[in-house]
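Hydrogens, waters and symmetry mates are skipped; everything else that's a heavy atom, side chains included, is used. The structure presented is a predicted model; accordingly, all values stated were derived computationally and were not measured. Just so you know, ligand 1 is whichever comes first in the structure, and atom 1 is the first atom listed for that ligand. One is the number of the first residue; the rest follow in order along the sequence.
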Amino acid sequence: RNFPPGPAWLPIIGCGLELNRLRQKSGSMSKAVGALALKYGPVVGARVGVDRVVFVCGPKEYREFSSREEFNGRPNTIFYTCRTWGKPRGVLFTDGEFWEEQRAFIMKHLKEFGMGKKSMSDMIEGECQAMLNDIGRKIDDGGGECVLRVDNMFGVYVLNTLWTMLSSRKHSPDDKQVKHLQHLITDLVSNVHMDGALFSHFPILRYICPQYSGYSNFVKIHQQILEFVRGEVEECKRSFDSLDHRSLIDSYLDTLKSPDTKTSFSEDQLLAISLDLFMAGTETSAKALAFAFLYLTLNPDIQTRAQEEIDAVLGRHRLPTLEDRSRLKYVECVVLESIRMFADLGFSLPYRTLKDTHLNGYFIPKDTIIIGSLRGVLMDESSGWTNPEAFQPERFIKDGRVQIPENYIPFGLGKRRCLGETLAKANVFLFVAGLLQQFNFSIVPGEPPTEETVDGMVPTPKPFVALVTRR
Ligand code: HEM
């Protein structure tokens with residue numbers, strides 16, 4: 001029926017085995033999909049278990065689907081609803097009017113409590129200062145140097161920059177519960193991918209072998225995060241003052257009291273959006289930072305060039321602020337390039353077609369899952385990138401100015417593009433600039449970091465350490 005071309009579908013399993021084989025061979029799902037695109041073109045059709053999936057790999061095709069209303073749904077199968085009491089809830093995996101109302105509320109109130117404003121910069125600077133102090137203490141304890149596990153060192157500091165807007169609360173980097181939850185999320189997102197998991201491709205498996213199919217663990221981890229956010233909401237309720245809202249949660253609680261509140265608003269929905277923001281907002285920025293420091297550790301010349309710029313523009317005695325961004329051009333390019341190297345290993349969130357439609361001349365039936373490949377847009381010479389696999393911050397400088405190419409879309413496109421882009425870029429910029437201003441990151445003799453990554457929903461560098469000294 002003119003469905004997009006792709007690997008042959010075997011009975012019951014579809015192309016699951018072929019996708020898995022390519023993923024094992026190439027080391028990542030994004031490279032596996034890239035290999036399929038080379039063979040079948042920028043729109044690849046597949047079936048995995050019960051799910052019909054279309055991968056969209058070229059910039060033109062990505063732009064097209066993400067701008068068309070009929071592609072704008074989210075899948076509503078068990079993988080996406082078992083996180084939230086069997087119903088589509090939250091903002092990541094809802095659609096239609098329900099999603100529009102909730103997304104608009106989140107954006108309005110994140111802005112009200114700091115997003116994009118000076119208070120956001122102040123908040124990140126505060127977290128960056130806390131991190132500098134913590135690392136400084138470790139260096140002193142180590143007699144002038146310390147070895148840090150870099151891939152997972154940003155978690156709680158980054159969480160706090162979002163959490164202050166969401167709940168007006170902050171957590172200590174040593175908070176055992178938060179660290180445990182972040183550990184669970186890292187584990188979770190490295191074991192599932194955007195196209196689902198074994199239990200969603202073959203739903204019957206969740207009854208036959210809930211452990212083996214990943215179902216039990218998936219639900220358990222989401223329940224633990226929901227318990228945590230329930231505690232945060234209860235804390236906000238205890239000190240709630242309707243005349244003095246401190247955070248998005250306060251504003252939501254107030255909205256729930258109003259007699260003309262829209263039906264998409266409920267206390268369960270508040271828990272679900274907090275869960276979604278916790279998951280979408282912290283692991284992503286923390287791992288983008290991990291990629292930044294992976295490449296800075298591997299490329300001392302790039303690190304030195306960024307440090308020289310920081311010294312020349314603001315010296316060593318004042319922490320960088322967002323106002324310095326336009327003058328710290330090379331650091332800004334390091335940030336853009338780090339986010340590119342992180343995002344190219346991932347995908348858009350999954351979309352769902354809301355009616356029968358066509359893309360690139362192919363027929364795509366209603367309820368097909370559509371996944372945009374960011375690698376196809378961010379890591380391909382045909383998308384305008386020269387030597388795309390290399391970490392080269394200077395690719396963003398043209399005629400002495402920072403210029404962002406049209407195909408730089410690590411935050412997606414269209415109505416469903418990332419709503420945390422401003423916060424994410426500010427976090428990566430301020431932590432990179434702040435840490436490089438004070439410290440050198442170098443390879444621990446005999447333990448060089450590998451560029452290999454852990455493949456999952458949120459890509460992660462393989463665990464690595466760096467030797468950290470004061471400058
Ligand atoms: C470097 C960090 C980040 C990257 C690379 C990133 C990237 C993305 C991408 C590619 C999407 C999918 C867009 C699509 O479906 O087409 C997305 C969606 C989303 N992101 Fe981010 N993100 C980052 C940080 C954040 C932060 C800090 C927040 C929280 C404030 C956040 C919240 C969200 C939400 C809620 C969505 C779903 C939007 C919707 O479906 O309406 N992200 N992000």
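- Here is the list of ligand 1 atoms found below 4.0 Å of a heavy atom in Phe342: 5 (C).
- A salt bridge links Asp151 with Arg149: the closest approach of a Lys/Arg side-chain nitrogen to an acidic carboxylate oxygen falls below 4.0 angstrom.
- By the criterion of a heavy-atom distance under 4.0 Å, the side chain of Arg103, and not its backbone, is placed next to ligand 1.
- Salt bridge Arg416/Asp95: absent, no basic N to carboxylate O contact under 4.0 Å.
- In this structure, Lys425 has no heavy atom closer than 4.0 Å to ligand 1.
- Aromatic ring pairs are classed by plane angle as parallel below 30°, tilted from 30° to 60° and perpendicular above 60°; the pair Phe228 and His171 is tilted.
- Ranking protein heavy atoms by distance to atom 12 (C) of ligand 1, first place goes to Leu349 N, 3.7 Å.
- Residue Leu162 has at least one heavy-atom neighbour below 4.0 Å for each of these atoms of ligand 1: 30 (C).
- Distances shorter than 2.8 Å separate atom 21 (Fe) of ligand 1 from the protein N/O/S atoms Cys418 SG.
- Ranking protein heavy atoms by distance to atom 40 (O) of ligand 1, first place goes to Arg74 NH2, 2.8 Å.
- Tyr351 counts as a contact of ligand 1, since one of its heavy atoms falls under 4.0 Å from the ligand.
- Both tests pass for Arg325 against the ring of Phe429: distance under 6.0 Å to the centre and angle within 45° of the axis.
- Centroid-to-centroid, the aromatic rings of Phe93 and Phe79 stay 6.0 Å apart or farther.
- When the shell of 6.0 Å around NZ of Lys355 is examined, it contains 12 or fewer heavy atoms from other residues, nucleotides or ligands.
- Classification of the His109-Phe113 ring pair by plane angle, with boundaries at 30° and 60°, yields parallel.
- A parallel orientation is assigned to the rings of Tyr295 and Phe391, their planes being inclined by less than 30° (bins at 30° and 60°).
- Side-chain contact, Asp268 with Ser266: no donor N or O sits under 3.5 Å from an acceptor N or O.
- Within the structure, ligand 1 lacks Asp276 among the residues with a heavy atom less than 4.0 angstrom away.
- The single protein non-hydrogen atom nearest to atom 37 (C) of ligand 1 is Leu92 CD2, 3.5 Å, given as residue, atom name and distance.
- Under a 4.0 Å heavy-atom criterion, Pro410 is in contact with ligand 1.
- Ion pairing between a basic and an acidic side chain is recognised when a charged N comes within 4.0 Å of a carboxylate O; Arg352 and Asp367 show such pairing.
- In this model, no donor atom of one side chain and acceptor atom of the other lie less than 3.5 Å apart for Glu127 and Thr161.
- At a 4.0 Å cut-off, at least one heavy atom of Ser285 sits close enough to ligand 1 to count as contact.
- At a 3.5 angstrom cut-off on N or O pairs, Arg416 counts as close to ligand 1.
- Near Val91, with a cut-off below 4.0 Å to any heavy atom, the atoms of ligand 1 are 35 (C), 40 (O).
- Aromatic ring orientation, Phe65 versus Phe71: perpendicular (interplanar angle above 60°, classes split at 30° and 60°).
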